[in-house]
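All values below come from the heavy atoms of this structure, side chains included, with hydrogens, waters and symmetry mates left out. As the structure is a prediction and not an experimental result, all values here were calculated from the model.
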Amino acid sequence: MAEEVRGPDTTALDEVVTFTSELIRIDTTNRGGGDCRERPAAEYVAERLAAAGIEPTLLERTPGRTNVVARIPGTDPTAEALLVHGHLDVVPADPAEWTTHPFSGEIRDGVVWGRGAVDMKNMDAMVLAVVRSWARQGIRPRRDIVLAYTADEEASAEDGSGFLADRHAALFEGCTEGISESGAFSFHPQPGTTLYPIAAGERGTAWLKLTAHGRAGHGSKVNTANAVTRLADAVARIGSHTWPVRLTATVRAALAELAALYAIDIDTRAPHLDVDLLLDKLGPAAALVAPTVRNSSNPTMLDAGYKVNVIPGQAVAYIDGRTLPGTEEEFAATMDELTGPHVEWEFHHREVALEAPVDSPTFAKLRAAVERFDPEGHVVPFTMSGGTDAKQFSRLGITGYGFSPLRLPPDLDYGALFHGVDERVPVDALHFGVRVLDHYLKSA
Ligand SMILES: [Zn+2]
């Protein structure tokens, strides 16, 4: 058989299941505030890379918060390098809510169960299985491939991709593009239709702290400068604000693909496109784009007062804001307006929005790899409503795509599994992912 049609060997298909299960059993819960230890998972990955002749580098900013980086040299020295990254930490899981223990890694009826099964120890395991299969078969990719297994993605990334981008940029020399989580999973808006959304952008993060000042005093007196009332007014305006539609190139491309697929007669290039009408006509498939046609601002935390009959002089709230690429100034101006004269606001945490081209050769190859293994599936570009490590790596000039291929059965809702209860992944889905990644990464 010619090399380009030779897929991953049977060992790779076995290993991806074992690796996913065993990585889940290594509890890397990230509770934020530095409460996490990725080192055992990093060592697990590093040992298996080293055994395949791929030299791993272990890097820590904080003891126990370990990242692994390795480079596989490509056959074309003139080609730009590709970054493939996955995080090793997971969000917390409460065993009382789960059918099986979230850190059991149990394999039952062809399904691997546990926290991280889709976010994203599955991808960590798939990449590991693929590159070990190449080592056994003597395969080298065309481009240099840099592998990064990161710590701290589920919190600040300061011990993970942020630290790598700040302090170890040399390890990513030549990388122009990257692939990672949150894309290329199957999505079934209705029976008989399979979509594969590939992420080509992320909304930016704009977490805000609001501070209202007023006149402190007795709770029984008239007070027209009550900080709590001022804060509450501002929070209500921000929470119920309808942001205007702002279509990015990626979202417009997604709408065009979906409109064509559903034979909806609306010109998606029209400058005054009625997006809400189009979303309505798309039905359940609208879920792919609806969260990213606008900015958003959700009040999430409130802090004021200490006694029921005392009006405090100050009240504080936090807002989870998210911004589409190119809307940052508009977002800030809107906040000035919505907060009003008595409430100050500042950024509590801020990350850039990302947008990757969907008319690039890389997007075409990602699309082709999925369609090769599921010819019935339709690839649709999309923008992530939140953020990933790709934001940190973008500082190194790396354009990120969300591409962790999984073909899930129609009754498994990827969106609900992500950070959800009873997170799990079918063995078949992992095998699909290994085949797609093997094919894509060899020819990337
Ligand atoms: Zn993730």
Side-chain angles (χ1 to χ4, degrees), residues 177 179-204 242-296 322-327 330 353-388 390 399-407 410 414-415 436 440:
E177 293 169 306
I179 62 164
S180 190
E181 63 181 312
S182 301
F185 52 88
S186 60
F187 170 62
H188 302 91
Q190 61 256 16
T193 305
T194 307
L195 305 179
Y196 288 90
I198 294 178
E202 302 181 357
R203 290 199 304 175
T242 303
W243 290 91
V245 168
R246 293 289 179 258
L247 294 183
T248 64
T250 303
V251 173
R252 212 176 261 277
L255 289 171
E257 297 238 8
L258 290 171
L261 179 64
Y262 286 89
I264 296 167
D265 189 21
I266 288 184
D267 179 8
T268 55
R269 290 159 305 173
H272 300 293
L273 172 65
D274 186 341
V275 172
D276 291 310
L277 175 70
L278 176 54
L279 291 177
D280 220 38
K281 287 177 184 279
L282 287 174
L288 274 188
V289 277
T292 56
V293 299
R294 298 178 159 87
N295 292 337
S296 62
R322 307 283 174 155
T323 55
L324 286 158
T327 65
E330 181 188 11
L354 304 180
E355 180 139 57
V358 296
D359 54 2
S360 64
T362 292
F363 194 89
K365 283 184 177 180
L366 294 170
R367 178 193 293 274
V370 170
E371 290 176 350
R372 179 188 173 99
F373 295 95
D374 188 353
E376 305 290 303
H378 303 276
V379 168
V380 180
F382 87 118
T383 296
M384 287 184 232
S385 59
T388 70
T399 300
Y401 291 95
F403 190 80
S404 295
L406 283 182
R407 184 171 57 196
Y414 178 85
V436 174
Y440 168 67

Undergrad: List the steps, then state whether side chain to side chain contact (heavy atoms under 4.5 Å, CB included) holds for Thr323 with Arg203.
TA: CA-CA 5 Å; Thr323 55; Arg203 290 199 304 175; 5.8 Å; no
Undergrad: Less than 4.5 Å apart, side chain to side chain, heavy atoms only: is that true for Leu255 and Leu279?
TA: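 With C-beta onward as the side chain, the pair touches.
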Undergrad: A quick test of your reading: do over 12 heavy atoms of other residues, nucleotides or ligands sit less than 6.0 Å from CD of Gln190?
TA: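 Counting neighbours around CD of Gln190, more than 12 heavy atoms of other residues, nucleotides or ligands fall under 6.0 Å, so yes.
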Undergrad: Glu355: which residues meet the salt bridge (charged side-chain N to carboxylate O under 4.0 Å, His left out) condition with it, sequence neighbours left out?
TA: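 Not a single residue meets the salt bridge (charged side-chain N to carboxylate O under 4.0 Å, His left out) criterion with Glu355.
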Undergrad: Does the Thr250 side chain pair with the main chain of Ala200, one donor and one acceptor, at a distance under 3.5 Å?
TA: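 Between the backbone of Ala200 and the side chain of Thr250 there is a qualifying donor-acceptor contact (under 3.5 Å).
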Undergrad: Quick one: are Asp267 and Leu273 in side-chain contact, heavy atoms under 4.5 Å?
TA: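 No, side chains not in contact.
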Undergrad: Supply the atom-to-atom distance Thr194 OG1 to Glu376 CD, rounded to the nearest 0.5 angstrom.
TA: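 These two atoms lie 8.0 Å from each other.
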Undergrad: With a 4.5 Å limit on heavy-atom distance, are the side chains of Val245 and Arg294 in contact?
TA: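 The answer is yes, as the side chains (C-beta and beyond) meet within the 4.5 Å cut-off.
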Undergrad: Whether Glu177 and Lys365 form a salt bridge (side-chain N of Lys/Arg under 4.0 Å from carboxylate O of Asp/Glu) is what I want to check.
TA: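 No, no charged N to carboxylate O under 4.0 Å.
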Undergrad: Heavy atoms, side chains only, cut-off 4.5 Å: are Tyr440 and Ile179 in contact?
TA: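 The answer is yes, as the side chains (C-beta and beyond) meet within the 4.5 Å cut-off.
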Undergrad: Provide the closest heavy-atom pair for Tyr262 versus Ala285 in the form atom of the first, atom of the second, distance.
TA: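 Shortest heavy-atom separation between Tyr262 and Ala285 comes out as OH-CB, 3.5 Å.
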Undergrad: Might you point out which heavy atoms bring Ala259 and Leu282 nearest each other, and give the distance in Å?
TA: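 Closest heavy-atom pair between Ala259 and Leu282: N-CD2, 4.3 Å.
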Undergrad: Tell me the closest heavy-atom pair linking Ala184 and Phe403, and the distance in Å.
TA: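 Scanning both residues, the minimum pair turns out to be CB-CD1, 3.6 Å.
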Undergrad: Any non-hydrogen side-chain atom of Thr292 less than 4.5 Å from a side-chain atom of Thr248?
TA: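 Of all side-chain heavy-atom pairs linking Thr248 with Thr292, none is under 4.5 Å.
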Undergrad: Hey, what do you get for OG1 (Thr268) to CD (Glu257), rounding to the nearest 0.5 Å?
TA: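 Interatomic distance, Thr268 OG1 to Glu257 CD, rounded to 0.5 Å: 10.0 Å.
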Undergrad: Quick one: CG on Asn295 to OG1 on Thr327, what's the gap to the nearest 0.5 Å?
TA: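 Here the interatomic distance stands at 3.5 Å.
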Undergrad: When rounded to the nearest 0.5 angstrom, what is the spacing between CG in Leu195 and CZ in Phe382?
TA: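 With rounding to 0.5 Å, CG (Leu195) is 11.5 Å from CZ (Phe382).
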Undergrad: So, using side chain to side chain contact (heavy atoms under 4.5 Å, CB included) as the criterion, who are the partners of Leu277 when residues are at least two apart?
TA: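 Once residues adjacent in sequence are excluded, the partners of Leu277 under the side chain to side chain contact (heavy atoms under 4.5 Å, CB included) criterion are Ile266, Asp274, Lys281.
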Undergrad: About how many Å separate CG of Leu247 and CG of Leu324, when rounded to the nearest 0.5 Å?
TA: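 If I round to the nearest 0.5 Å, the distance is 9.0 Å.
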Undergrad: Got Tyr196 and Arg407 here, is their nearest side-chain heavy-atom distance under 4.5 Å?
TA: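 Touching, per the 4.5 Å side-chain cut-off.
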Undergrad: Classify the ring geometry between Phe185 and Tyr414 as parallel (under 30°), tilted (30 to 60°) or perpendicular (over 60°).
TA: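 Aromatic pair Phe185/Tyr414 classed parallel.
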Undergrad: For Pro189 and Thr193, work out which heavy atoms get closest and say how close.
TA: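 Where Pro189 meets Thr193 most closely, the heavy atoms are CD-O, 3.6 Å.
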Undergrad: Can you name the closest pair of heavy atoms from Gly400 and Ala356 and give their distance?
TA: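 Between these two residues, the closest heavy atoms are O-CB, 3.6 Å.
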Undergrad: Indicate yes or no: at least one non-hydrogen side-chain atom of Pro291 is less than 4.5 angstrom from one of Arg322.
TA: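 When only atoms from C-beta onward are counted, Arg322 and Pro291 do not touch, as no gap falls below 4.5 Å.
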Undergrad: Where is the tightest heavy-atom contact between Ser182 and Ser404, given as atom of each residue plus distance?
TA: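 Here Ser182 and Ser404 meet closest at N-OG, 4.2 Å.
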Undergrad: Within the structure provided, determine whether Thr388 and Glu202 are in side-chain contact (heavy-atom separation under 4.5 Å).
TA: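 Yes, their side chains come closer than 4.5 Å.
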